[in-house]
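What follows is one structure encoded as structure tokens, with my remarks underneath.
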Amino acid sequence: MSQKSRTIFEKIWDAHVVAQEPGAPAVLYIDLHLVHEVTSPQAFSVLKERGMKVRRPDRTVATMDHSIPTVPGGYEAADELGRLQLRQLETNCKDHGVRLYGLNSEQRGIVHVIGPEQGFTQPGMTIVCGDSHTSTHGAFGSLGFGIGTSEVGHVLATQCLLQHKPKTCEIHVDGQLRPGVTAKDIILALLAKIGAGGGTGYVLEYTGAAIRALDMEGRMTVCNMSIEGGARAGMIAPDDKTFQFIAGREFAPKGEAWDKAMAYWRTLPTDPGATYDKVVSLDAGKIEPMVTWGTNPGQGVAITAPLPDPSCVASAQERASLEKAFAYMKFTPGKPLAGEKVDVVFLGSCTNGRVGDLRAAAQLLRGRRVASGVRMLVVPGSQSVKQTAEAEGLDRIFKEAGAEWREAGCSMCIAMNGDQIAPGQLAVSTSNRNFEGRQGKGGRTVLASPLTAAAAAVTGCITDPRTLIK
Amino acid sequence: MSAPQFTKLTARCVVLPNTDVDTDQIIPARFLKVTDKLGLGEKLFCDWRYRDDGSPNPSFILNQPEAKGVQVLVAGNNFGCGSSREHAPWALVGWGFRVVISTLFADIFKGNALKNGLLPVVVEPAAHAALVAARAKDPNLPVTIDLEAQTVAWPGQDPLRFPIDPFARSCLLKGVDELGYLLGFLTNVEAYEAARV
């Protein structure tokens, strides 16, 4: 009997359904559970109340990233509540035998950076974390999605989740990116097209020549921000680039196990003839460096384009939304963002805190200075990224340019660890969210690629990076 | 273990018309250093609700006299987008909300809300606009949400059916503990694991 053509999502879903009662969600098996300090304490408390232990500590990996300061000094640098939260994670991991990349670990880092880096993230897996950017792991052809703390408790206790099967949407990105345009610009262009709620209810699969041409870091950047369109997961079929990235990493399969895994991984890509519930197409050749101007990641434009004008928008609801964003951001409708004065530049986060992101920014900064009056913060996504960058001398380029070189962490993306911008300040940030106050109460955020961020650092204003690329 | 329950509620509402209200607005990240769920209601919508000096912002809906004792939030499209923080429904419930009515909820927020007895009610844009208009005329407008019948109604509006996942509905009506339900499948989980190796 010939099997129905299936998408990669459907193959992974089908392989992980443990049970399903009529009218109830599927009991979905979880291969890898990533844990951090902020969304796990109340889940461990539930286990304690019920006298339970983590069922599969071998499938659970913890790190400290959100509330940890990025200045040297660890706990001592954190405030009292932050310290308590970090210590609580240490205690919980010790009590339950969970591997923790803790304060003194040389591999500690942002949960979505270290998963792939250590080889935990592999094609075909179901991966969850109490963090919406778990969609990052889909870059490896896995199904990764964010969950709430109640669900963190469910996975700790049972290694399973109750899930309804989402719909599928193909994001087809054909053509070739032009120089100075990056993976970040692809995802910001997509979000500008579909809006902050346009992917709700769907798992996205990114396909097409422009996606295949991205390296693994670029693919992670794209999948990472799937959630910003409301899609819980974004996926890219694994290929030789994926396998080469994983091979040899500490927790990657070795020897016979590798051959067996490869045989399975090669069956994962979507079958010819498989269909999606929805298809969205983008032409990579037409994408320009993107910047957000508003207060959600869907409010983005090409850096050369004029900002929208609320008075030209027909829908009253959309007009009100634009007006509110303009009132907060204090930008002028109808004018491009280029030239707007910048106070802070943040290079880092689970979106753009990998070594390739640092290399791209360093290349633009080499031999240049951060403009007077601008604070630039460079925060590696993990301590391993930091070590690699230092071995390549990237830290010296940043420091000589006048930027701050920090320890790994979420830093200014979440602004709950001491790194934040002041009220009214404008930051160009390589992170993923430009929500009101996201980088500090009253602060204003423009999301952009590492190249565009570096260009803003050099000129002190929002600048098309293509004008500075030698 | 006790689980949250919801059957039927008649209560007054407030309207927060903004679209795409993200969970960072519902509860800013700087309040996520707690290791329990207590006190989050006081920080709900903190940066809209309080002025820089910490005093209540009189123009924010929750600071208006008629907001006292309301249990229903009528919100704009795509409510709860962004972060997966369950602190968002904890803060809404902590303040006293039992129901949020919108035209679209972000997926993770919706799941988190249901697990905490906070009912996300999806209505069509026309019904949403009618509810906002009715509330504008009567600040004390009572809204009735009947989970058994899956309907929402207010004076001048016959009961409107709203969609909800039947499993979540049944859990809320009966107070079923989802973790308890999942634990009932442990034998299946063991068999699944054994078969995969």
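Every chain is numbered from 1, with letters handed out A, B, ... down the list of sequences.
- Looking only at distances, a side-chain donor or acceptor of A:Gln85 sits under 3.5 Å from a matching main-chain atom of B:Leu32.
- Your options are A:Gln159, A:Glu228, A:His66, A:His164, and the one with the most heavy-atom pairs under 4.5 Å with chain B is A:His164.
- In this structure, B:Gln5 places its CD atom where more than 12 heavy-atom neighbours from other residues, nucleotides or ligands lie under 6.0 Å away.
- Under a cut-off of 6.0 angstrom, the local environment of NZ in A:Lys53 is crowded, with over 12 non-hydrogen atoms contributed by other residues, nucleotides or ligands.
- Side-chain contact between A:Ile147 and B:Ile108 is absent, with no heavy atoms from C-beta onward closer than 4.5 Å.
- Contact record, B:Leu179 with A:Ala157: CD1-CB, 3.8 Å, taken as the closest heavy-atom pair.
- Heavy atoms only, all atoms of each residue included: B:Leu182 and A:Cys160 are closest at CD1-O, 3.7 Å.
- Contacts with chain B were tallied for A:Gly230, A:Ala19, A:Pro25; A:Pro25 has the most, counting heavy-atom pairs under 4.5 Å.
- Contact tally against chain B (heavy-atom pairs below 4.5 Å) for A:Asn296, A:Thr134, A:Asp79: the top residue is A:Asp79.
- Of the two parts of A:Ile227, only the side chain, counted from C-beta on, holds a non-hydrogen atom closer than 4.5 Å to a non-hydrogen atom of chain B.
- Side-chain contact annotation: A:Glu21 with B:Tyr181, donor-acceptor N/O pair under 3.5 Å present.
- With chain A as the partner, the residue from B:Leu104, B:Asn116, B:Asp36 showing the most heavy-atom pairs under 4.5 Å is B:Asp36.
- Closest of all the heavy-atom pairs between A:Gly23 and B:Phe167 is O-CB, 3.8 Å.
- Looking only at side-chain heavy atoms (C-beta outward), B:Arg30 and A:Gln420 stay at 4.5 Å or farther from each other.
- Between B:Lys33 and A:Gly82 the shortest heavy-atom distance is CD-N, 3.8 Å.
- The shortest distance between side-chain heavy atoms of A:Gln317 and B:Thr19 falls below 4.5 Å.
- Taken to the nearest 0.5 Å, the CG atom of A:Leu162 stands 7.5 Å off from the CZ atom of B:Phe185.
- Side-chain contact check for B:Trp90 and A:Gln42: no donor-acceptor pair (N or O, by modelled atom type) lies under 3.5 Å.
- With a threshold of 4.5 angstrom between heavy atoms, A:Asp31 approaches chain B through side-chain atoms but not through N, CA, C or O.
- At a 4.5 Å heavy-atom cutoff, the contact between B:Asp165 and chain A is made by side-chain atoms alone.
- Proximity to chain B (any heavy atom under 4.5 Å) is restricted, for A:Arg59, to the side chain, taken from C-beta onward.
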Less than 3.5 Å apart, which donor and acceptor atoms pair up between the side chains of residues 73-80 of chain B and the rest of the protein, not counting sequence neighbours?
residue	atom	partner	partner atom	Å
B:Asn77	OD1	B:Thr103	OG1	2.7
B:Asn78	ND2	A:Ala196	O	3.4
B:Asn78	ND2	B:Asp20	OD1	2.9

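- Interface summary for chain B: among A:Leu161, A:Thr39, A:Asn417, A:Val27, the most heavy-atom pairs under 4.5 angstrom belong to A:Val27.
- Using a 4.5 Å heavy-atom cutoff, the side chains of A:Glu151 and B:Ser84 are not in contact.
- Inter-residue side-chain proximity for A:His16 and B:Tyr192 is flagged as met; some heavy-atom pair is nearer than 4.5 Å.
- Residue-environment remark: CG (B:Asp52) stays at or below the threshold of 12 foreign heavy atoms within 6.0 Å.
- Separating the OH atom in A:Tyr29 from the CZ atom in B:Arg196 is a distance of 6.5 Å, to the nearest 0.5 Å.
- Open room surrounds CD on B:Glu124; 12 or fewer heavy atoms of other groups in view lie less than 6.0 Å from it.
- Summarising the geometry of B:Val189 relative to A:Arg55, their closest heavy-atom pair is CG1-NH1, 3.6 Å, with the distance given to 0.1 Å.
- From B:Ser83, atom OG reaches atom CG of A:Asn432 across 10.0 Å, with rounding to the nearest 0.5 Å.
- A 4.5 Å side-chain heavy-atom check between B:Arg85 and A:Thr149 finds every atom pair outside the cut-off.
- Within the 4.5 angstrom heavy-atom criterion, only backbone atoms of A:Ala15 (N, CA, C, O) approach chain B.
- When side chains are defined from C-beta on, B:Leu183 counts as touching A:Thr158, because their heavy atoms get closer than 4.5 Å.
- The number of heavy-atom neighbours closer than 6.0 Å to NZ of B:Lys115, taken from other residues, nucleotides and ligands shown, is above 12.
- When side chains are defined from C-beta on, A:Ser150 does not count as touching B:Glu178, because their heavy atoms never get closer than 4.5 Å.
- Closest approach of A:Ser45 and B:Thr35 over heavy atoms only: OG-O, 4.5 Å.
- Of the listed residues B:Leu186, B:Asp24, B:Asn188, the one with more heavy-atom pairs under 4.5 angstrom with chain A than any other is B:Asp24.
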